[in-house]
Structure formats: C-alpha cells, structure tokens
Amino acid sequence: MKKIGTTIKYIRKQKKLTQKETYAGIISRTFASNFENGYYNIESEKLFKILQRLGTSINEFGFLHYGENDDKFSYVLSIIDQAATTGDYSQLQKIHQKFENSTSLHDQAISALAYVKIYVHGHNPLSMSLMPTIPLKIHLEQTKEWTFF
C-alpha cells in the first residue's frame with residue numbers, strides 16, 4: 001500500500017522544493033524524513049497545511065496517491081471482462097474469492113462485479129449483453145415486455 005508521505009515526497013520533488021521549504025513550522029525535519037519514507041502517518045490538519053504550501057488541492061493529491069489503484073482496478077476489470085466473454089467461470093470465481101473479504105472499496109467492487117458476471121452469465125434467461133450499460137440500455141429499449149420483477 002502506498003503511503004501518504006511517499007506521495008507528498010513525489011509532489012515536493014516535482015515542484016523542486018526542499019523539505020525545509022515544505023515543512024517549516026508544520027512538522028520537524030526528522031519527522032518529515034520519516035514521514036516521506038513511509039514510517040510515520042500525519043494528522044489531517046497538518047496534511048492540509050502541507051498540501052496548501054505545495055499548492056496542491058486534495059483532489060490532485062488523491063489523483064496522484066490513488067492513481068496506482070485505479071490502474072490495478074482497470075487491469076482487473078479487463079481480466080473480468082475477458083473471462084466473462086470467454087466463459088471462464090473458474091477465473092471469475094477466483095477473482096471473486098480473492099477480493100470478497102477485503103476492506104478496500106475498490107476490491108469489494110471487483111468482487112461484486114465478478115460475482116454478477118458469474119450469476120448473469122450462468123443464470124441469464126435473456127442472454128442479454130453484459131458489456132457496458134449502453135448495450136444493456138439499447139436491449140431494454142428494444143425489448144417490449146420486461147420488468148424489474
């Protein structure tokens with residue numbers, strides 16, 4: 001798991017700022033070094049002050065910090081889509097089981113999607129498309145008789 005301090009260090013270095021310029025009056029030099037190397041966490045109030053000094057919004061920080069998870073998320077979604085397309089239900093089951101007990105929202109979403117793909121492909125009497133929602137919407141618009149029940 002990527003630490004907050006390593007992301008702050010990355011931003012600081014990209015902006016060509018020293019630790020002294022970044023952390024003066026907020027945290028000590030020793031604490032800053034340990035924080036950037038992932039040994040310490042920081043209070044949210046101090047994090048916001050550091051981000052302000054770096055000229056970085058919380059949204060920019062989140063994008064940089066969680067970007068790696070988004071890549072993982074996209075990669076696993078592509079594996080789920082491929083497994084569903086080829087009918088590899090054992091792969092879908094493995095993905096579901098791997099991520100189902102995680103506390104991460106990304107992982108829970110992955111697990112749920114794998115489960116839905118297994119369920120819908122295995123028990124779908126309409127054989128409707130499972131590609132993104134636009135083909136599903138088109139299918140429902142073209143089908144005259146359908147209900148949610």
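Counting heavy-atom neighbours within 6.0 Å of Q82 CD, excluding the residue itself, gives a total of 12 or less. More than 12 heavy-atom neighbours from other residues, nucleotides or ligands sit within 6.0 angstrom of CD on Q93.
Here the straight-line distance linking atom CG of D81 with atom NZ of K117 works out to 4.0 Å at 0.5 Å rounding.
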Problem - Worked verdict on I50 versus I42 for side-chain contact (heavy atoms from CB on, under 4.5 Å) - result: CA-CA 10 Å; I50 293 166; I42 195 166; 3.5 Å; yes

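F31 is linked by a ring pair (Phe, Tyr, Trp, His ring centres under 6.0 Å) to Y40, counting only residues two or more places apart in sequence or in another chain. Scanning for side-chain hydrogen bond (donor to acceptor under 3.5 Å, both in side chains) contacts around T86 gives an empty result, with sequence neighbours left out. Residues satisfying the side chain to side chain contact (heavy atoms under 4.5 Å, CB included) test with T56, not counting sequence neighbours, are I11, K15, L51, L54, E60, F61. The side-chain hydrogen bond (donor to acceptor under 3.5 Å, both in side chains) check on E21 picks up T18, with sequence neighbours excluded. In terms of the side-chain hydrogen bond (donor to acceptor under 3.5 Å, both in side chains) criterion, T22 has no residue partners (sequence neighbours excluded). For S90, the side chain to side chain contact (heavy atoms under 4.5 Å, CB included) partners at least two apart in sequence or on another chain are D88. Under the side chain to side chain contact (heavy atoms under 4.5 Å, CB included) criterion, Q14 pairs with Y10, sequence neighbours left out. Remark: K49 engages I26, E45 in a side chain to side chain contact (heavy atoms under 4.5 Å, CB included) (not counting sequence neighbours).
The two residues Q91 and A83 have their closest heavy-atom pair at CG-CB, 3.9 Å. Of all non-hydrogen atoms in I27 and A32, the two that sit nearest each other are CD1-CA, 3.7 Å.
With H96 contributing its side chain and A114 its backbone, the two residues share no donor-acceptor pair below 3.5 Å.
Residues I110 and K98 fail the side-chain proximity criterion, which asks for heavy atoms closer than 4.5 Å. Looking at heavy atoms from C-beta onward, Y115 lies out of side-chain contact with S111 at the 4.5 angstrom threshold.
Each side chain to side chain donor-acceptor pair (under 3.5 Å) pair with one or both residues in residues 24-37, not counting sequence neighbours, appears once here: R12-E36, Q19-R29, Q19-E36, Y23-E36.
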